[in-house]
Every structure is written in C-alpha cells, then in structure tokens.
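Just so you know, residue 1 is the first one in the sequence shown, and it goes up from there. Computed from a predicted structure; not experimentally measured.
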Amino acid sequence: MDYLLTVFAIPCLMATFARSAPPLPEWSTLVESQRFQDFRLMSDSLTQKILLSIPDTHKSCIQSETLKLNSSENAQYATMVTTIGIRPAPVLSVVSENYSLETSLRHMSEGFQLHRDLLSAVSPRLANKDNVTGLVADIRDLVLRINEMLKMAQTDAVVQPSPTPVALNLPGNYEVQVAAHMILVQLQAFGQDTARCLRSLNRSKVEETQS
C-alpha cells in the first residue's frame, strides 16, 4: 500500500510544482536570441560612448562656470527649461509585468531622437559645435540599433510616428548656454537609465532571473 501511495504521489507532486512554477516572460525567448543580443551589445557600447563624451562636449560648448554638469543647482533652471521649450525625455523602466519590452525600447528610441533634435536645434547657436556634431552622429547610430530591437519586439507592424519638430526659444546667448547645458544634463540622465535597462536585457541576467 505504501508503495502504491508513493507511486501516485510523485506525479501529483510534479503536477503541483509545474503549476506553481512561474511562467517564462513572453519576451525572454526574443531576448535570448543571438540577433537581439548583438544589437543590445552594440546599443550598450554606443550608450557608453555617448555618456563618456558628454563631459567633454559640455566643456567645449559651455563657457559659463556656473553651469556645471553634475550639480545639485541644476534643478533651479526648471522654469527656464520650460520657457526655452526643452521637452522632457520619456520615462524608462526595467522590463517587467507592467512595462513591456516593446514599451521600453520605444521609449529609448523616442528619448534619443528627442535629444538628437534638441542638440541639432541649439547647435547652430554655439561657438564651438564640433563635439555636439559628433554626439549627434553617435545618437543617430544608436537610434538605428535600438529600432532594430524594437522591430523584433513588435508583435504587429507599427508605423512609427514622425517626431514633432523642435523649436527652441533662444532670444540671447545666456538662453543658448542654459539650453545646451540642460539638454546635456537631461541626456546624461536618460543615457544612464538606458544603460541600466540594456544591462537588464543581457541574456545571462535574464537566465538568472528565470532560474
């Protein structure tokens, strides 16, 4: 009798464990593919390149010593940011049950396109724009890589909306300086958030989460 109970109990226990095991996220198979990881790696590399170039870009085009890249006083320019017309970047979050892979990648793409357009809008008013031009080129390359991942993540063919043209209110040199400064500050924060999101999509980290 004990033997029979054991025989029947094992399948029941296995069924219980199967039911209690958390389902794999729908996006995990895509993330684990080599093609996705190749684009993720290229995107991460370009994001790091952009983050590393921001301090030198800031130094080359910002003459005012009061405008510092990593300063707690940057919050005081919030009103000017609105007046100038610098739109905020989309909010980024690590992929989860409430934040899909498609949404994450779309926000990355939209955010970098926004900063590319903002930098392009302020660049003609800068005395030294060589570094800004290089930064814009890197952002353009990064958007292409992110868009490739986005195409893989989209379940349906989606037509990307045309970006809203950027028009900045820059009546004088001071506004130009604040605009360039705050665009770079915002780009740095957005790039750091992007780097965290891309790291969370590393195949090895996804496997650790599932194990």
Using a distance-only test with no angle check, is there a side-chain donor-acceptor pair under 3.5 angstrom linking Gln177 and Asn173? no

same_hphob_cluster(Met108, Leu144) at 4.5 Å side-chain heavy-atom cutoff: no

Among side-chain atoms of Asn147 and Ser109, is any donor-acceptor pair under 3.5 angstrom? yes

Does this structure show an ion pair linking Arg196 with Asp193, if we count only N-O contacts that are shorter than 4.0 Å? yes

Any side-chain to backbone donor/acceptor pair from Thr83 onto Thr79? Under 3.5 Å, distance only. yes

Show, in sequence, the C-alpha distance, side-chain angles and deciding distance for Lys151 and Glu148, and conclude whether the salt bridge (charged side-chain N to carboxylate O under 4.0 Å, His left out) test is met. CA-CA 5 Å; Lys151 288 176 186 175; Glu148 287 298 325; 3.6 Å; yes

Distance, nearest 0.5 Å, that separates CG of Asp141 from NZ of Lys49: 7.5 Å

Reported CG-to-OG1 distance for the pair Asp138 and Thr57, which is rounded to 0.5 angstrom: 9.0 Å

What's the separation between atom CG in Leu67 and atom CD1 in Ile62, rounded to the nearest 0.5 Å? 6.0 Å

Any side-chain heavy-atom pair of Phe36 and Leu101 under 4.5 Å: yes

Looking at every heavy atom in both Leu105 and Ile146, which two are closest together, and how far apart are they? O-CG2, 3.5 Å

Pairwise side-chain contact, Met149 with Leu198, heavy-atom cut-off 4.5 Å (strictly under): yes

Which pair of heavy atoms, one from Val95 and one from Ser104, lies closest together, and at what distance? CG2-CB, 4.0 Å

Non-hydrogen side-chain atoms of Thr194 and Phe112 separated by less than 4.5 Å: yes

Can you name the closest pair of heavy atoms from Phe190 and Pro90 and give their distance? CE1-O, 3.5 Å

Evaluate the criterion side chain to side chain contact (heavy atoms under 4.5 Å, CB included) for residue pair Val94 and Tyr99; output intermediate values, then yes/no. CA-CA 7 Å; Val94 173; Tyr99 196 81; over 6 Å; no

Looking at Leu41, is its backbone amide N or carbonyl O close enough to the side chain of Ser45 to form a donor-acceptor pair, meaning the two atoms are under 3.5 Å apart? no

Could you measure the distance from the CZ atom of Arg40 to the SG atom of Cys197? Nearest 0.5 Å is fine. 12.0 Å

Kindly give the heavy-atom pair with the smallest separation between Lys129 and Pro124, and that separation in Å. NZ-CA, 4.3 Å

Could you tell me whether the side chain of Leu114 reaches within less than 4.5 Å of the side chain of Gln186, counting heavy atoms only? yes

Please confirm whether the backbone N or O of Leu201 pairs with a side-chain atom of Gln37, one donor and one acceptor, at under 3.5 Å? yes

Using modelled atom types and a 3.5 Å cut-off, is there a donor and acceptor pairing between side-chain atoms of Glu175 and backbone atoms of Gly172? yes

Does the side chain to side chain contact (heavy atoms under 4.5 Å, CB included) test come out yes or no for Leu168 and Arg125, once each step is laid out? CA-CA 11 Å; Leu168 300 179; Arg125 300 285 299 275; over 6 Å; no

Backbone N/O of Val91 and side chain of His107: donor-acceptor pair under 3.5 Å: yes

Within 6.0 Å of CD in Glu73, more than 12 heavy atoms from elsewhere: no

Could you go through the side chain to side chain contact (heavy atoms under 4.5 Å, CB included) check for Ser33 and Leu30 one step at a time? CA-CA 5 Å; Ser33 71; Leu30 171 61; 4.2 Å; yes

Using the rule given for side chain to side chain contact (heavy atoms under 4.5 Å, CB included), can you reason through Asn131 versus Lys59, listing the C-alpha separation, both sets of side-chain angles and the distance that settles it, and then say yes or no? CA-CA 10 Å; Asn131 288 47; Lys59 189 182 300 183; over 6 Å; no

To the nearest 0.5 angstrom, please state how far the OG atom of Ser53 sits from the CD atom of Gln48. 11.0 Å

Closest heavy-atom pair and its distance - Val178, Tyr77: CG1-CD2, 4.1 Å

Distance check, rounded to the nearest 0.5 Å: Ile139 atom CD1 versus Leu187 atom CG? 5.0 Å

Considering all heavy atoms of both residues, which atom of Leu170 and which atom of Ala179 are nearest to each other, and what is their separation? CD2-CB, 3.7 Å

Would you check if Arg87 and Val166 make a side-chain contact, meaning some heavy-atom pair closer than 4.5 Å? yes

Asn74 and His181, any side-chain heavy atoms less than 4.5 Å apart: yes

With a 4.5 Å limit on heavy-atom distance, are the side chains of Cys61 and Leu184 in contact? yes

